Amino acid sequence: MARNPVTWMGVPTFPKAAQEALGDSQLRSNLRHATHTIRDKRAAAVGEVPDWERLRRAGEAIKDETLAHLDTYLQKLEAAVTSRGGVVHWARDAAEANAIVLKLARAAGADEVVKVKSMATAEIGLNEALEEGGVTAIETDLAELIVQLGNDRPSHILVPAIHRNRSEVREIFRNQMPEAPADLSSEPKALAEAARRHLRKKFLSAKVAVSGANFAVADTGSIMVVESEGNGRMCLTLPQTLITVMGIEKLVPTSRDLEVFLQLLPRSSTAERMNPYTSMWTGVTPGDGPQEFHLILLDNGRTATLSDPVGRQALRCIRCSACLNVCPVYERTGGQSYGSVYPGPIGAILTPQLVDDPHDKQAASLPFASSLCGACFEVCPVRIDIPEVLTHLRARAVAEKSKMSPEALAMSAMATMFADPRKYALAQRAGAAAAKLAPSGSVSRLPFPGSRWTATRDMPMPATESFRTWWKTNRKDSDE
Amino acid sequence: MSDARTAILHRVRDALSDRPMAGDIPRDYDLHRDYPDLLELAQERIADYKADVRRVSPAQVGTEITAALARRGAARVIAPPGLPTDWRTPEVTWLDDTPLGLDELDAADAVVTGCAVTIAETGTIVLDAGPTQGRRALTLVPDYHLCVIEAHQVVATVPEALARLDTTRPLTFISGPSATSDIELDRVEGVHGPRTLDVLLIES
């Protein structure tokens with residue numbers, strides 16, 4: 001089976017990538033500003049809604065109901081879309097989905113497709129696959145365009161170019177947009193205007209558009225896409241052919257369920273009462289919008305995720321990214337350190353499950369990229385217990401590893417030591433002696449095999465005197 | 001590819017072999033909330049999204065449409081097929097969607113529409129491609145959208161709005177003009193959709 005492109009090829013595991021990111025002070029300042037701004041705004045937007053907790057419970061229950069009967073709802077959705085003039089395709093993995101999109105684009109005579117920002121198409125590496133097949137994919141969301149033109153990788157689910165500041169964006173546009181004015185300023189307004197000019201002709205002439213889906217309604221076959229800039233509306237409305245790639249977990253049973261998610265999603269993601277634009281369509285409408293509609297239902301590791309009774313709750317995710325903005329680890333390391341399309345706390349539980357390959361060291365490192373502080377669960381609009389899944393996946397990762405791993409060796413050495421009081425006392429004295437050699441109070445480099453531990457963390461110095469020694473010296477009169 | 005379909009449905013059933021029981025969906029969230037003045041709330045919340053919102057009496061609508069189009073310098077204006085005749089003020093050139101080509105839409109100065117429903121709490125206007133709104137491209141390509149909302153179309157909450165809509169029609173939910181916050185989270189109005197949204201709220 002081909003490699004699942006949800007993790008990026010050739011990038012280091014999280015601990016190594018994070019160490020590099022921590023050294024980049026510009027990145028850390030960009031991230032700190034971004035995460036704090038969004039999280040404060042979100043708190044205000046959520047505070048306005050008196051029934052927020054009840055909406056969260058409803059959201060959780062709707063998604064659980066969907067997952068518990070996923071086969072039934074998928075077939076309902078397929079029947080509804082088909083009866084409204086759409087065509088449904090099924091794709092087991094990334095390669096299969098990419099091949100379908102390529103075939104459809106070619107059949108429509110397109111050597112270029114315009115794209116709405118979509119996590120599903122990023123997850124399957126669609127742009128690269130289309131490029132290999134001679135079709136150019138043009139990202140039309142401003143942040144995705146910045147990432148694409150900068151030959152960069154996204155760092156956030158909602159605002160993929162959040163690691164870039166305005167002057168970096170200006171440089172990218174000046175180098176990559178032939179029509180960008182020579183005196184292009186770094187004002188966001190001027191940069192947005194440049195993007196508008198750059199993409200306008202593409203929108204008006206594109207034959208094929210590719211989108212993801214925020215929600216699909218099983219009983220009517222309606223698809224919903226939520227956005228801000230209007231690039232989504234352009235793609236979903238103007239081209240003759242629309243291809244939507246959707247993870248099989250993205251559906252809800254009835255259109256009534258949208259009343260819950262249309263409240264939970266905008267306030268959790270952009271921290272607004274509502275996002276500027278939401279589009280919804282059902283199959284094909286004669287005389288309005290694309291006259292050919294294809295829906296690709298993508299598995300790519302979702303059924304593997306569904307099979308884990310603890311881990312399957314990750315499939316409730318509606319990709320709002322609220323968990324990223326409150327995560328102390330994400331705030332300091334940035335999204336690219338996760339080496340995956342899905343960064344942050346949700347990425348740490350979703351990526352290893354979608355990859356579903358115990359030999360993928362990079363994915364296996366992700367459940368450890370957390371302080372387990374629980375803030376991600378508090379903000380999750382569908383109540384995914386991310387800390388619970390993290391610890392569950394950690395246990396799985398440790399079990400998969402060989403018994404010769406540094407953690408396993410350290411634990412077995414500790415077990416031997418704790419089992420024998422004489423060895424324990426000896427170890428304490430050794431620690432106390434070592435402490436006298438390192439007056440700074442912490443150890444940043446131990447000799448092998450301890451170096452495997454200190455490569456990614458400092459170790460606090462052992463106390464210069466053990467409690468047992470202290471007790472013996474200070475409590476001579478007491479009963480021993 | 002029917003084999004992919006069969007395989008995925010098999011995988012789903014295998015994955016659910018523990019037969020997880022989903023509980024009932026609690027629907028105890030608010031379907032409706034009472035506000036002393038729904039139109040005032042709608043006006044305030046739509047304006048929060050950087051739209052120019054004015055309350056007008058039914059008799060003033062024609063004059064106010066003329067005034068708004070003049071303020072924005074709009075002379076060639078698109079009319080959806082069912083735009084009320086008293087909204088088609090004689091001061092501008094009306095373009096009927098015959099249908100118009102994309103270049104013609106792009107060359108127009110403005111579009112005037114009604115709406116299907118408006119959500120006061122979120123400041124959201126919903127278009128359902130009905131006769132006063134027309135197909136989706138009409139409100140997308142021109143740079144200026146003037147939307148006229150009648151008082152009886154305003155509801156308080158999102159659930160109330162969805163209950164009024166036929167969700168199988170093409171729907172567009174609009175909260176203010178096109179906007180982005182992708183560069184340093186600075187909000188910029190006007191990217192690819194209409195850069196200007198004006199709203200007239202007709203009082204009953």
Side-chain angles (χ1 to χ4, degrees), chain A residues 34 37 50-51 54-55 57-58 61-62 64-65 68 70-71 89-92 96 142-143 159 161 165-166 169 188-189 191-192 195-196 199 204 220 222 228-231 233-234 237-238 248 255 258-259 262-263 273-282 285 287-289 299 303 306-307 309, chain B residues 1 4-5 7-9 11-16 18 20-30 33 45 49 99 102-103 106 119 121-124 129 135-137 140 158-159 162 167-186 188 190-194:
Chain A
T37 307
D51 56 346
R54 282 171 278 152
L55 285 167
R57 298 227 176 242
I62 292 167
D64 280 351
E65 162 65 24
L70 190 58
D71 47 346
H89 310 258
W90 300 69
R92 278 168 284 204
E96 214 161 67
L142 181 53
V159 272
N165 59 28
R166 60 185 72 192
V169 175
K189 203 173 175 64
L191 297 168
R196 180 186 173 100
L199 289 173
L204 297 181
T220 60
S222 309
S228 287
E229 295 170 10
N231 66 307
R233 291 179 67 193
M234 291 278 180
T237 313
L238 301 184
I248 51 170
S255 49
L258 296 173
E259 71 190 19
L262 262 185
Q263 297 189 75
R273 296 186 181 109
M274 189 68 87
N275 48 288
Y277 294 133
T278 295
S279 296
M280 195 165 160
W281 71 96
T282 310
T285 306
D288 187 350
D299 180 347
T303 47
L306 188 65
S307 66
Chain B
M1 273 215 231
R5 179 184 191 276
I8 292 172
L9 288 171
R11 287 180 189 175
V12 170
R13 286 175 196 130
D14 282 351
L16 296 171
D18 63 327
M21 288 295 291
D24 286 343
I25 296 163
R27 301 272 182 190
D28 57 350
Y29 50 83
D30 301 345
R33 278 189 280 270
R45 295 280 160 96
Y49 274 113
L102 285 183
D103 289 342
D106 199 24
I119 309 165
E121 230 177 40
T122 60
T124 305
R135 64 191 167 110
R136 286 169 285 172
L140 173 63
V158 172
L162 279 165
T167 55
T168 61
R169 297 180 66 89
L171 299 181
T172 305
F173 293 64
I174 295 172
S175 306
S178 156
T180 183
S181 300
D182 279 345
I183 300 168
E184 293 183 25
L185 297 172
D186 258 20
V188 175
V191 197
H192 306 294

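Remember, it's a predicted structure, so these values are computed and weren't measured experimentally. Naming: A, B, ... by sequence-line order, numbering from 1 per chain.
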Next on the checklist: Between B/D24 and A/E65, is the side chain to side chain contact (heavy atoms under 4.5 Å, CB included) condition met? List the steps.
Outcome noted: CA-CA 8 Å; B/D24 286 343; A/E65 162 65 24; over 6 Å; no
Checklist entry - Do A/R233 and B/I174 pass the side chain to side chain contact (heavy atoms under 4.5 Å, CB included) test, and can you show the C-alpha distance, the side-chain angles, and the key distance before you say yes or no? => result CA-CA 11 Å; A/R233 291 179 67 193; B/I174 295 172; 4.3 Å; yes
Next on the checklist: Go through it in stages, so that I can follow the logic: the residues are B/S178 and A/E229, the test is side-chain hydrogen bond (donor to acceptor under 3.5 Å, both in side chains), and I'd like the CA-CA distance, side-chain angles, deciding distance and then a yes or no.
Outcome noted: CA-CA 5 Å; B/S178 156; A/E229 295 170 10; over 6 Å; no
Item to check | Working for side chain to side chain contact (heavy atoms under 4.5 Å, CB included), residues A/W281 and B/L171 | outcome: CA-CA 6 Å; A/W281 71 96; B/L171 299 181; over 6 Å; no
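Between chain A and the residues B/P20, B/G123, B/S181, B/G190, the most heavy-atom pairs under 4.5 angstrom are made by B/P20. When the candidates B/D14, B/T124, B/L140, B/L9 are compared by the number of heavy-atom contacts under 4.5 Å with chain A, B/L140 comes out ahead. Note on A/L262, A/I248, A/L70, A/L142: by heavy-atom pairs under 4.5 Å with chain B, the leading option is A/L142. Of the listed residues (B/I25, B/I119, B/T172), the one with the most heavy-atom contacts under 4.5 Å to chain A is B/I25. Interface check for chain A: of the options B/V188, B/D186, B/T168, the most heavy-atom pairs under 4.5 Å are formed by B/T168. Among the candidates B/P99, B/A129, B/P159, B/G176, the residue making the largest number of heavy-atom pairs closer than 4.5 Å to chain A is B/P159. Of the listed residues (A/T37, A/D299, A/T220), the one with the most heavy-atom contacts under 4.5 Å to chain B is A/D299. When each of A/S228, A/G230, A/S222 is checked for heavy-atom pairs under 4.5 Å with chain B, A/S228 comes out on top.
Of the atoms belonging to B/P194, heavy atoms from both backbone and side chain fall under 4.5 Å from chain A. The part of A/L199 that comes within reach of chain B is its side chain, from C-beta onward, which places non-hydrogen atoms under 4.5 angstrom from that chain. When heavy atoms are compared at a cutoff of 4.5 Å, B/I8 approaches chain A by way of both its backbone and its side chain. For A/A34, the parts lying near chain B are the backbone and the side chain together; criterion is any non-hydrogen pair under 4.5 Å. With a 4.5 Å cut-off on non-hydrogen atoms, A/T285 touches chain B through its side chain but not through its backbone.
A/R54 contributes a side-chain N or O that, together with a main-chain N or O of B/D28, makes up a donor-acceptor pair within less than 3.5 Å. A/Y277 places no side-chain N or O within donor-acceptor distance of the main-chain N or O of B/G193, the cut-off being under 3.5 Å. A donor-acceptor pair is defined here as one N or O able to donate and one able to accept, closer than 3.5 Å; such a pair exists between the side chain of A/R196 and the backbone of B/V191. With hydrogens and angles ignored, the 3.5 Å screen pairs a side-chain donor or acceptor of B/R136 with a backbone N or O of A/D288.
Closest non-hydrogen pair, A/E259 versus B/V158, comes out as O-CG1, 3.9 Å. Taking each heavy atom of A/G287 and B/R135 in turn, the nearest pair found is O-CD, 3.5 Å. Annotation for B/L102 and A/L204: closest pair CD1-O, 3.4 Å, computed over non-hydrogen atoms. The minimum heavy-atom distance between B/A137 and A/T237, with the atom names listed, is N-CG2, 3.8 Å. Taking every heavy atom of both residues into account, A/A58 and B/P26 meet most closely at CB-O, 3.3 Å.
Every residue meeting the salt bridge (charged side-chain N to carboxylate O under 4.0 Å, His left out) condition with B/R33, not counting sequence neighbours, appears here in chain and number order: A/D51, B/D30, B/E121. Not a single side chain to side chain donor-acceptor pair (under 3.5 Å) links B/D182 to another residue, sequence neighbours left out.
Donor-acceptor pairing under 3.5 Å is lacking for the side chains of A/Q263 and B/Y29.
The closest side-chain heavy-atom distance from A/T282 to B/T167 is not below 4.5 Å. For the pair B/R27 and A/I62, the minimum side-chain heavy-atom distance is below 4.5 Å. The shortest side-chain heavy-atom distance between B/E184 and A/V169 does not fall under the 4.5 Å cut-off.
Using a 4.0 Å cut-off between charged side-chain N and carboxylate O, B/R13 and A/D71 make a salt bridge.
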